[in-house]
Amino acid sequence: MNISFLKRLLLFLGLLVAQVLVLNHIHLFGYAVPLLYIYFVISFQRNYPRWAILVWSFLLGLGIDVSSNTPGLAAASMTLMGLLQPYVLELFMQRDSNDDMQPAIFSFGSTRYLSYAAILTGGYCLVFFTLESFTFFNWLHWLLSFTSSTVLTLLLIMVTDNLRKQ
């Protein structure tokens, strides 16, 4: 078996378990939910097969849905994020960079990595909380959930990436 596949599988299982057992039970001020499993899709390297990104993303979303009783929300949002990730990554990559370059703080720099992660995290939270509410009658709750969860998740992604690469 390939060592990169095993690393990817361990990251998959670690984020799934952390989200289900710990992070799903955190609701700061009733709005902010840390969605750290988004980091799994953000961390795919350049030129990773797009079909594999979609499969991994869907399976992680499905695992979150089954464990969290959110029927299809995470699977749909993660699949869309997996579809957009290669295109967003190309916006922030240098043309002369390696084909197997992995997005990280040390390879992108803090500002570019934060921008890259913010686009994907914001898009994910926008789709997730829009599907969750499925109405705009309580738009203030939706807006607070979207913005606070995006900020909290970005903070956790930056900390995780910084700790993972040390």
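Because only heavy atoms are used, hydrogens play no part in the values below, and waters and symmetry mates are left out as well, while side chains stay in.
Following chains of ILVMFWY side-chain contacts shorter than 4.5 Å, one cannot reach Leu156 starting from Val151, and the two form parts of different hydrophobic clusters. Phe44 and Tyr87 fall into different hydrophobic clusters, where Ile, Leu, Val, Met, Phe, Trp and Tyr side chains are chained together by heavy-atom contacts under 4.5 Å. Taken together through direct or relayed side-chain contacts under 4.5 Å among Ile, Leu, Val, Met, Phe, Trp and Tyr, Leu16 and Ile42 form part of one hydrophobic cluster. Taken together through direct or relayed side-chain contacts under 4.5 Å among Ile, Leu, Val, Met, Phe, Trp and Tyr, Phe40 and Trp51 form part of one hydrophobic cluster. Placement of Leu23 and Leu155 in two distinct hydrophobic clusters is found when ILVMFWY residues are connected by side-chain heavy-atom separations under 4.5 Å, directly or transitively.
The shortest distance between side-chain heavy atoms of Glu132 and Trp142 does not fall below 4.5 Å. Tyr113 is listed as a side-chain neighbour of Ile157, based on a closest heavy-atom distance under 4.5 Å. In this structure, Phe128 and Leu80 have side chains that are not in contact, with every pair of non-hydrogen atoms separated by 4.5 Å or more. Between Phe129 and Ser149, the closest side-chain pair of non-hydrogen atoms falls below 4.5 Å. Residues Leu89 and Gln45 fail the side-chain proximity criterion, which asks for heavy atoms closer than 4.5 Å. At a threshold of 4.5 Å between non-hydrogen side-chain atoms, the residues Ser148 and Phe29 do not count as touching. Between Ser43 and Arg8 the shortest side-chain heavy-atom distance falls below 4.5 Å. Residues Gln85 and Tyr116 form a side-chain contact, since some pair of their non-hydrogen atoms from C-beta on lies under 4.5 Å apart.
Of all heavy-atom pairs spanning Leu131 and Ser77, the tightest one is CD1-OG, 4.3 Å. The two atoms that bring Arg50 and Pro86 nearest to each other are NE-CB, 3.7 Å, heavy atoms only.
Of the possible polar contacts, one joining the Ser145 side chain to the His141 backbone as a donor-acceptor pair under 3.5 Å is found. Between the side chain of Thr121 and the backbone N or O of Thr150 there is no donor-acceptor pair closer than 3.5 Å. At distances below 3.5 Å, not a single donor-acceptor pair connects side-chain atoms of Ser68 with backbone N or O atoms of Asp65. With hydrogens and angles disregarded, a donor-acceptor distance shorter than 3.5 Å links the side chain of Gln19 to the backbone of Pro34.
Separation of atoms SG (Cys125) and CG (Leu152) is listed at 9.5 Å; rounding is to 0.5 Å. To the nearest 0.5 Å, atom CG of residue Leu6 and atom CG of residue Leu11 are 12.5 Å apart. Distance check, rounded to the nearest 0.5 Å: CZ of Arg112 to CG of Leu114 gives 12.5 Å.
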Show the atom names and distances, to 0.1 Å, of all donor-acceptor pairs under 3.5 Å that link a side chain in residues 53-64 to residues at least two apart or in another chain.
| unit_1 | atom_1 | unit_2 | atom_2 | d |
| --- | --- | --- | --- | --- |
| Trp56 | NE1 | Tyr48 | OH | 3.4 |
| Ser57 | OG | Ile53 | O | 2.7 |

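Legend: salt bridge (charged side-chain N to carboxylate O under 4.0 Å, His left out) pairs involving residues 80-94, not counting sequence neighbours, sorted by first then second residue: Arg46-Glu90.
In summary, of the residues considered (Val41, Thr153, Leu84, Ile38), a side chain to side chain contact (heavy atoms under 4.5 Å, CB included) with Tyr124 occurs for Ile38 alone.
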- Task: Show your reasoning for whether side chain to side chain contact (heavy atoms under 4.5 Å, CB included) applies to Tyr37 and Val20.
- Result: CA-CA 10 Å; Tyr37 58 93; Val20 169; over 6 Å; no
